[in-house]
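Some notes on the structure that comes next.
Just so we're clear, the structure is a prediction, and the values are computed from it rather than from any experiment. To find a chain, count down the sequence lines: A is the first, B the second, and so on, and within it residues start at 1.
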Amino acid sequence: MTIQLFDTMAGAARELAPLEPGHVRVYSCGPTVYGPAHIGNFRSFLFDDLLVRYLRYRGFKVTWVMNVTDVDDRIIKGARAEATTIGELSGRYRKMLVSDMQTLGITMPDFMPKATENIPQMVELIQKLLDGGHAYKTDDGSIFFRIASWPEYGRLARLDPEGMKVGERIEADNYGKDDVRDFALWKGPKPDEPSWETSIGPGRPGWHIECSAMSMRYLGPSFDIHTGGVDLVFPHHTDEIAQSEAATGQRFVAYWLHNAFLQMGGQKMAKSLGNIERVGDIIDRGISPRALRLALISAHYRMALSFGEDSLQAASSAVDRLDALFAALATYRCDCADDATLAGLLDGTNAAFETALDDDLNISPALAALFDLVRELNRRVDARVLSTADARRAAAFIRDLDRVLGIAPTAEAALEPDLQEMLDERAAARAARDWAGSDQLRVALAARGVLVEDSRDGQRWRRAD
RNA sequence: GGCGACGUACCCAAGUGGUUAAGGGGGAGGUCUGCAAAACCUCUAUUCGGCGGUUCGAUCCCGCCCGUCGCCUCCA
């Protein structure tokens with residue numbers, strides 16, 4: 001079975017066939033670090049993470065690049081407001097970004113380049129476009145891409161280039177353009193704005209050029225997958241394609257993948273709409289990071305996903321269910337024969353899981369396969385038809401699937417000595433039928449974040465997180 | 001106005017031209033249990049926005065209508 005991915009350019013799912021067999025090169029449009037990212041942004045990064053995790057799970061080598069935009073209008077404005085530098089401001093929020101990514105279990109990209117550290121690469125690209133007649137300079141030192149020089153312009157977004165001439169708005173900033181549709185590759189210097197001295201003149205980069213320059217730097221002029229939110233289809237990715245392909249003469253990207261928005265209150269989550277939530281705030285409310293992660297990946301990436309208190313609660317409960325199973329499997333002891341049908345059960349689950357994800361990362365049936373297995377394993381634990389080794393095997397199997405999902409509890413570390421002592425005392429109390437003492441210790445352990453449950457195999461415990 | 005998508009139970013959310021419409025959450029009842037928790041069992045959409053059409057048969061295909069959302073401007 002092969003992996004199908006929905007390519008925006010084709011408007012259809014296409015079989016993944018990397019340019020270099022066995023090695024997939026992925027570029028994800030990362031955030032502009034002008035402030036703390038919200039969970040809508042993280043839905044995108046979690047989609048990227050799921051994609052990369054699954055490709056690796058399926059045996060591909062993956063080189064993953066996610067850019068961080070650290071110079072733009074909002075950063076400049078923010079730095080000015082705080083009387084600090086764009087480097088200080090963007091550095092601060094970049095740290096917060098990485099911290100939130102770690103909280104959510106997002107794999108660290110192989111490269112997270114900053115725009116400001118790739119100015120020479122951008123300049124080189126812009127020079128090529130100037131040389132090729134695809135770009136021109138205006139009086140203020142800005143350089144624009146000439147859309148009229150690129151007939152393919154707008155194909156990704158299915159835009160009619162002629163139609164764009166009607167009803168467009170002219171930014172006061174951008175006087176001097178030959179055509180209002182032309183976009184900035186390079187912005188001429190202005191007082192109070194950071195500026196770089198370069199061979200194409202002083203100024204700072206336009207928005208789109210950084211992604212072309214950085215993706216090509218790390219992945220080559222032509223690579224496999226480029227991801228981003230649907231809002232980036234136009235103009236960002238449209239412009240990236242034009243400038244990249246005009247400069248290199250090669251196809252820029254083989255598969256364009258776009259994720260839908262996270263919604264809250266029936267609208268997309270957006271800072272401008274004021275309906276945002278941040279990772280830190282949600283964790284501070286006592287929601288576990290894994291529950292938040294599950295809530296944000298639980299629907300297909302191209303479908304709008306509703307977020308709210310209900311979805312967080314549902315995800316929390318689902319994660320608890322998984323945790324309880326792991327605790328039960330870890331505690332389970334049965335000196336009985338191996339379950340002859342376990343291997344078949346696991347194989348079936350594995351097949352359903354991969355079939356689902358192979359189909360454009362269709363996560364819902366994949367999760368259904370996992371939770372079907374959870375129920376079946378609970379049944380077998382209750383019925384005591386598994387051997388002790390079976391229980392280990394089952395847990396290991398789920399951990400293997402979890403390389404993709406990232407929602408299982410971390411392998412249980414031993415309890416702190418004092419907590420273990422309480423647990424032992426409680427076992428003794430129970431043996432002595434000292435229910436009052438036993439209940440008291442259970443409450444005390446819960447207060448320390450350890451949930452204790454009694455089972456036929458003795459006490460089970462799991463972290464509350 | 002142009003382009004794109006969506007509308008499935010109380011909530012979230014899969015899915016298929018035809019035997020029981022996934023899964024998670026929630027709710028009701030039950031089993032187990034010193035208690036608690038967990039788990040398991042049963043029930044919770046004769047129905048898939050509405051109206052037509054194609055078909056032996058449509059939730060799934062086509063058309064229209066209604067509703068919602070997104071992009072067309074910074075945006076994940």
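For the pair A:Phe371 and B:G23, the ring geometry does not qualify as stacking, because the centroid separation below 5.5 Å and plane angle under 30° are not jointly satisfied.
Nucleic acid contact for A:Asp372: sugar-phosphate only, since backbone atoms but no base atoms lie under 4.0 Å from a heavy atom of the residue. At the heavy-atom level, A:Leu262 lies under 4.0 Å from base atoms of the strands shown. Using a 4.0 Å heavy-atom distance criterion, A:Ser306 is classed as a sugar-phosphate-only contact. Residue contacts for A:Ser316: at a heavy-atom cut-off of 4.0 Å it reaches no nucleic acid atom on any strand shown. Among the atoms of the strands shown, only primed sugar atoms or phosphate atoms (P, OP1, OP2) are found under 4.0 Å from some heavy atom of A:His300. Among the protein residues, A:Gly40 comes within range of the nucleic acid bases, having at least one heavy atom under 4.0 Å from a base atom. Among the heavy atoms of the strands, none lies under 4.0 Å from A:Asp320. Using a 4.0 Å heavy-atom criterion, one finds that A:Gly266 contacts the sugar-phosphate atoms exclusively. Residue A:Arg430 is in base contact, counting any heavy-atom pair closer than 4.0 Å across all strands shown. Using a 4.0 Å heavy-atom distance criterion, A:Asn41 is classed as a base contact. When heavy atoms are screened at a 4.0 angstrom cut-off, A:Met269 is found touching base atoms of the nucleic acid.
Side chains of A:Ser142 and A:Trp186: no donor on one and acceptor on the other come within 3.5 Å. Checked by atom type, the side-chain pair A:His208/A:His237 shows no donor-acceptor distance below 3.5 Å.
Distance A:Arg321 CZ to B:G26 C1': 14 Å, rounded to the nearest Å. For the pair A:Met264 CE and B:C12 P, the interatomic distance rounds to 15 Å; values are reported in whole Å. A:Gln440 has its CD atom 19 Å from the P atom of B:C35, to the nearest Å. The CG atom of A:Asp310 sits 17 Å away from the P atom of B:G24 (whole-angstrom rounding). B:G25 atom P lies 15 Å from atom CG of A:Leu312, rounded to whole Å. Rounded to whole angstrom, the span from the CG atom of A:Asp72 across to the C1' atom of B:C74 amounts to 8 Å. Remark: P of B:A13 and CG of A:Leu305 are 6 Å apart, rounded to the nearest angstrom. A:Asp239 places its CG atom 13 Å from the C1' atom of B:C74, with the value rounded to the nearest Å.
Side-chain N/O atoms of A:Asp73 and base N/O atoms of B:C74 include no donor-acceptor pair closer than 3.5 Å. A donor N or O paired with an acceptor N or O is found under 3.5 Å between the base of B:G34 and the side-chain atoms of A:Asp439. With hydrogens and angles ignored, a donor-acceptor pair under 3.5 angstrom links the side chain of A:Arg442 to the base of B:A36. Between the side chain of A:Arg158 and the base of B:G4, no donor-acceptor pair of N or O atoms lies under 3.5 Å.
The side chain of A:Ala368 has B:A22 as its nearest neighbour among B:G34, B:A14, B:A22. Minimum atom distance to the side chain of A:Asp231 is reached by B:A76, of the listed B:A22, B:A76, B:C40. When distances run from any side-chain atom of A:Ala318 to the nucleotides B:G70, B:G24, B:C72, the shortest one goes to B:G24. In the set B:C69, B:A14, B:C71, B:A14 carries the atom at the smallest distance from any side-chain atom of A:Ser364. Relative to the side chain of A:Glu453, the nucleotides B:A36, B:A76, B:A13 differ in distance, and B:A36 lies closest. The side chain of A:Asp454 sits closest to B:A36 out of B:A76, B:A36, B:C74. The side chain of A:Pro365 has B:A14 as its nearest neighbour among B:A14, B:A76, B:A13. Distances from the side chain of A:Gln267 to the nucleotides B:A38, B:G70, B:C40 place B:G70 closest.
B:G18 and B:C61: their C1' atoms are spaced 15 Å apart (whole Å). Straight-line distance between the C1' atoms of B:U16 and B:U68: roughly 25 Å, to the nearest whole Å. If you take atom P in B:G30 and the same atom in B:U47, they sit 29 Å apart, rounded to whole Å. Look at the P atom in both B:C66 and B:C51: the space between them is 15 Å, to the nearest Å. The same atom, P, is picked in B:A21 and in B:C43; the two are 13 Å apart, to the nearest Å. Across the C1' atoms, B:G63 and B:A45 are found 27 Å apart, a figure rounded to whole Å. Comparing the C1' positions of B:U19 and B:U46 gives a spacing of 15 Å, expressed to the nearest Å. Comparing the C1' positions of B:A58 and B:G15 gives an interatomic distance of 14 Å, to the nearest angstrom.
The partner of B:U73 cannot be assigned: no Watson-Crick or G-U wobble pair with both contacts below 3.5 Å exists in any strand. Pair check for B:C64 finds B:G50; Watson-Crick or G-U wobble, both atom distances under 3.5 Å. With a cut-off of 3.5 Å on both pairing distances, B:A22 has no Watson-Crick or G-U wobble partner at all.
Where A:Pro31 and A:Arg460 each meet RNA chain B at their nearest nucleotide, the meeting point lying more 5' is that of A:Arg460. With the nearest nucleotide of RNA chain B identified for both A:Leu232 and A:Arg426, A:Arg426 has the one nearer the 5' end.
Here the OG atom belonging to A:Ser244 is positioned 8.5 Å from the NE2 atom belonging to A:His226, to the nearest 0.5 angstrom.
Ionic pairing of A:Arg204 and A:Glu210 is not present here: no N-O contact between side-chain nitrogen and carboxylate oxygen is shorter than 4.0 angstrom. Salt bridge annotation for A:Arg393-A:Asp390: present, with a cationic side-chain nitrogen under 4.0 angstrom from a carboxylate oxygen.
Applying the 4.0 Å criterion to OP1 and OP2 of B:C72, one finds that A:Arg181 has every side-chain N and O outside that range.
When each of A:Arg460, A:Arg290, A:Arg462 is paired with A:Asp323, the salt bridge (Lys or Arg N to Asp or Glu O under 4.0 Å) condition holds for A:Arg290 and for no other.
Both tests pass for A:Arg399 against the ring of A:Phe326: distance under 6.0 Å to the centre and angle within 45° of the axis. Remark: A:Arg302 is positioned above the aromatic ring of A:Phe6, its terminal NZ or CZ atom under 6.0 angstrom from the ring centre and at most 45 degrees off the axis.
Between A:Ile106 and A:Arg293 the shortest heavy-atom distance is N-NH1, 3.9 Å.
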